[in-house]
Trainee: 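After the structure tokens below, expect a handful of questions from me.
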Amino acid sequence: QLSTNYYSYSCPNLFPTIKHVVGSAIAKEARMGASLLRLFFHDCFVNGCDGSILLDDTPTFTGEKTAKPNNNSVRGFEVIDQIKSAVEKVCPGIVSCADILAITARDSVVKLGGPNWDVKLGRKDSKTASLQDANNDIPPPTSNLSNLTSKYAAKGLSTQDMVALSGAHTIGQARCTNFRDHIYNDTNIDASFARTALLPVCPKVNGSGDNNLAPLDFHTPTTFDNSYFKNLVSMRGLLHSDQELFNGGSTDSLVKSYSSSSTAFFSDFVSAMIKMGDISPLTGLNGEVRKNCRRVN
Ligand code: HEM
Ligand SMILES: [Ca+2]
Ligand SMILES: [Ca+2]
């Protein structure tokens with residue numbers, strides 16, 4: 001249904017237009033690449049890749065921005081606005097916000113040193129959003145391996161897709177509130193790493209320092225590489241859910257192979273990103289092309 005050449009005639013300058021804005025946003029703040037990649041994930045897992053995450057709350061409409069996994073956490077909406085207005089200038093009314101998220105995610109990965117791929121396009125934007133589905137369908141960092149596997153299976157994604165996609169945690173930051181339990185209460189963490197790198201930024205007491213940040217990949221936080229998997233093998237995952245992928249279970253062998261081959265990781269990551277981008281898109285006469293990504297037309 002989706003195709004890589006969807007806008008070839010209707011918006012020939014689409015790719016350079018987006019790449020330019022993504023490039024300057026990341027030049028300003030490297031972390032933004034991570035934030036933009038995550039936006040695509042949080043969109044696709046909630047009623048498919050339909051731009052639902054971009055809709056602002058209004059007095060009469062509750063969107064997904066205040067869902068538990070998103071609230072005070074997802075970021076990059078201003079960059080999406082900048083991209084949308086740049087795109088509207090070159091081809092007004094043509095390109096959906098859902099497709100902008102897909103291209104932006106790819107461009108972010110490439111800019112930070114990761115693999116390139118052709119993005120399938122032709123999604124339309126939703127006229128709705130679901131706070132409840134955002135709360136239920138996006139896996140929390142407290143998940144164990146079987147919770148994670150089933151949340152991905154519910155979206156048609158395999159365990160291999162899940163492990164490869166988790167490699168996105170090779171970039172970006174997490175808040176103390178999301179890794180406190182792991183660093184204080186779990187035993188499957190390198191103790192000296194926890195003591196020197198994490199305990200100082202994340203106080204034990206709930207409510208203190210909740211928003212303090214630590215890199216998901218302490219080694220190369222702004223490079224898209226396979227270092228995330230090397231961390232897992234050395235018991236230096238930041239989130240409980242990260243270390244679940246290498247904790248004596250069925251995914252250990254895959255984590256090991258990604259840790260020793262960035263080629264294998266990149267290739268499986270690309271396949272999984274394309275599969276994730278295929279999750280229940282609105283196409284044809286379903287949905288709309290929003291004029292402003294924050295509201296329905
Ligand atoms: C496997 C299940 C996953 C869980 C449980 C999970 C959970 C989390 C959590 C808790 C954070 C930190 C949020 C905060 O503290 O504010 C985070 C950040 C992030 N996640 Fe995931 N995530 C998962 C999968 C993914 C996937 C599939 C992608 C993309 C393909 C992704 C991309 C990111 C990125 C790039 C960041 C850093 C964002 C930034 O710095 O702004 N995650 N994730
Ligand atoms: Ca969505
Ligand atoms: Ca990295």
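What you see is a predicted model; the values in this text were computed from it and never measured. Start at 1 with the first residue, then count along the sequence. Indexing begins at 1, ligand by ligand and atom by atom, following the structure's order.
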Trainee: Between Phe45 and the Ca ion (ligand 2), is there a contact where an N/O/S atom of the residue lies under 3.0 Å from the metal?
Mentor: no

Trainee: Can a salt bridge be assigned to the pair Lys65 and Asp56 using a cut-off of 4.0 Å between side-chain N and carboxylate O?
Mentor: yes

Trainee: Could you tell me, atom by atom, which parts of ligand 1 come under 4.0 Å of a heavy atom of Ser166?
Mentor: 1 (C)

Trainee: Using a 4.0 Å cutoff against the non-hydrogen atoms of Ser241, which atoms of ligand 1 qualify?
Mentor: 5 (C)

Trainee: Relative to Tyr6, does Arg123 satisfy both conditions: NZ or CZ under 6.0 angstrom from the six-membered ring centre, and within 45 degrees of the ring's axis?
Mentor: no

Trainee: To 10 degrees, how wide is the angle OD2 (Asp217) to the Ca ion (ligand 3) to O (Thr220)?
Mentor: 90°

Trainee: Heavy atom under 4.0 Å from ligand 1: found in Lys151's side chain, backbone, both, or neither?
Mentor: neither

Trainee: With the threshold set at 4.0 Å, does a side-chain nitrogen-carboxylate oxygen contact exist between Asp137 and Lys155?
Mentor: yes

Trainee: With side chain to side chain contact (heavy atoms under 4.5 Å, CB included) as the test, would you mind laying out the steps for His182 and Asn188 before giving the verdict?
Mentor: CA-CA 8 Å; His182 180 55; Asn188 59 349; 3.5 Å; yes

Trainee: Do Leu238 and Phe246 share a hydrophobic cluster (ILVMFWY, side-chain heavy atoms under 4.5 Å, transitive)?
Mentor: no

Trainee: Could you list which atoms of ligand 1 come closer than 4.0 Å to a heavy atom of Arg31?
Mentor: 39 (C), 40 (O), 41 (O)

Trainee: Of all the atoms in Asn226, is at least one N, O or S atom closer to the Ca ion (ligand 3) than 3.0 Å?
Mentor: no

Trainee: Consider ligand 1: state whether an atom of it lies below 4.0 angstrom from any non-hydrogen atom of Ser143.
Mentor: no

Trainee: So does Lys19 have more than 12 non-hydrogen atoms from other groups sitting under 6.0 Å from NZ?
Mentor: no

Trainee: Mark up the atoms of ligand 1 that fall under 4.0 Å of a heavy atom belonging to Arg175, in ascending order.
Mentor: 14 (C), 15 (O), 16 (O)

Trainee: Output the atom name for the N/O/S atom of Asp50 with the smallest distance to the Ca ion (ligand 2).
Mentor: OD1

Trainee: Does Val46 bring an N, O or S atom to under 3.0 Å of the Ca ion (ligand 2)?
Mentor: yes

Trainee: Show the atoms of ligand 1 that are less than 4.0 angstrom away from any heavy atom in Ala174.
Mentor: 12 (C), 15 (O)

Trainee: Counting only heavy atoms, which portion of Asn72 has something under 4.0 Å from ligand 1: side chain, backbone, both, or neither?
Mentor: neither

Trainee: Under a 4.0 Å heavy-atom limit, does Leu148 contact ligand 1 with its side chain, its backbone, both, or neither?
Mentor: side chain

Trainee: Could you tell me which N, O or S atom of Asp225 is nearest to the Ca ion (ligand 3)?
Mentor: OD1

Trainee: So how far is it from Ser227 OG to Asp217 CG, rounded to the nearest 0.5 Å?
Mentor: 3.0 Å

Trainee: Check whether NZ of the Lys or CZ of the Arg Lys230 lies under 6.0 Å from the centre of the six-membered ring of Tyr258 and within 45 degrees of that ring's axis.
Mentor: no

Trainee: Using a cut-off of strictly less than 3.0 Å, determine whether Thr170 has an N/O/S atom near the Ca ion (ligand 3).
Mentor: yes

Trainee: Taking Asn135 for the side chain and Gln132 for the main chain, is one N or O donor matched with an acceptor at less than 3.5 Å?
Mentor: no

Trainee: Can you name the atoms of ligand 1, numbered from 1 with element, that are less than 4.0 Å from a heavy atom of Ala168?
Mentor: 28 (C), 29 (C), 30 (C), 31 (C), 32 (C), 35 (C)

Trainee: Which label fits Phe265 and Phe224: parallel for a plane angle under 30°, tilted from 30 to 60°, or perpendicular past 60°?
Mentor: parallel

Trainee: Could you work out, for atom 37 (C) of ligand 1, the closest of Asp210, Leu216, Asn70 by heavy-atom distance?
Mentor: Leu216

Trainee: Is any side-chain heavy atom of Cys49 closer than 4.5 Å to one of Asp278?
Mentor: no

Trainee: Salt-bridge test for Arg290 and Glu88: reply yes if a basic N is under 4.0 Å from a carboxylate O, no otherwise.
Mentor: no

Trainee: Verify the distance test for Asp43 against the Ca ion (ligand 2): any N/O/S atom under 3.0 Å, yes or no.
Mentor: yes

Trainee: Heavy atoms only: which of Phe179, Phe269, Phe41, Phe224 lies closest to atom 26 (C) of ligand 1?
Mentor: Phe41

Trainee: May I ask whether Tyr152 places a heavy atom under 4.0 Å from ligand 1?
Mentor: yes

Trainee: What do we get for Pro139 next to ligand 1 when only non-hydrogen atoms under 4.0 Å count, side chain, backbone, both or neither?
Mentor: both

Trainee: Just going by heavy-atom distances, which of Glu29, Arg38, Gln173 is nearest to atom 34 (C) of ligand 1?
Mentor: Arg38

Trainee: Nearest 0.5 Å please: distance from the CZ atom of Arg38 over to the CG atom of Asp43.
Mentor: 13.0 Å

Trainee: Taking both backbone and side-chain atoms into account, decide whether Asn47 has an N/O/S atom under 3.0 Å from the Ca ion (ligand 2).
Mentor: no

Trainee: Is a salt bridge present between Asp210 and Arg175, judged by a nitrogen-to-oxygen distance below 4.0 Å?
Mentor: no

Trainee: For Ser192 and Asp190, what are the C-alpha separation, side-chain angles and deciding distance, and is it a side chain to side chain donor-acceptor pair (under 3.5 Å)?
Mentor: CA-CA 6 Å; Ser192 74; Asp190 175 327; 3.2 Å; yes

Trainee: Using a 4.0 Å cut-off to any heavy atom of Gly172, which atoms of ligand 1 qualify?
Mentor: 37 (C), 40 (O)

Trainee: How close do Val201 and Leu213 get, counting heavy atoms only, and between which atoms?
Mentor: CG2-O, 4.3 Å

Trainee: Got a sec: is Tyr228 within less than 3.0 Å of the Ca ion (ligand 3) via an N/O/S atom?
Mentor: no

Trainee: For ligand 1, indicate whether the residue Leu165 contacts it via side chain, backbone, both or neither (heavy-atom separation under 4.0 Å).
Mentor: both

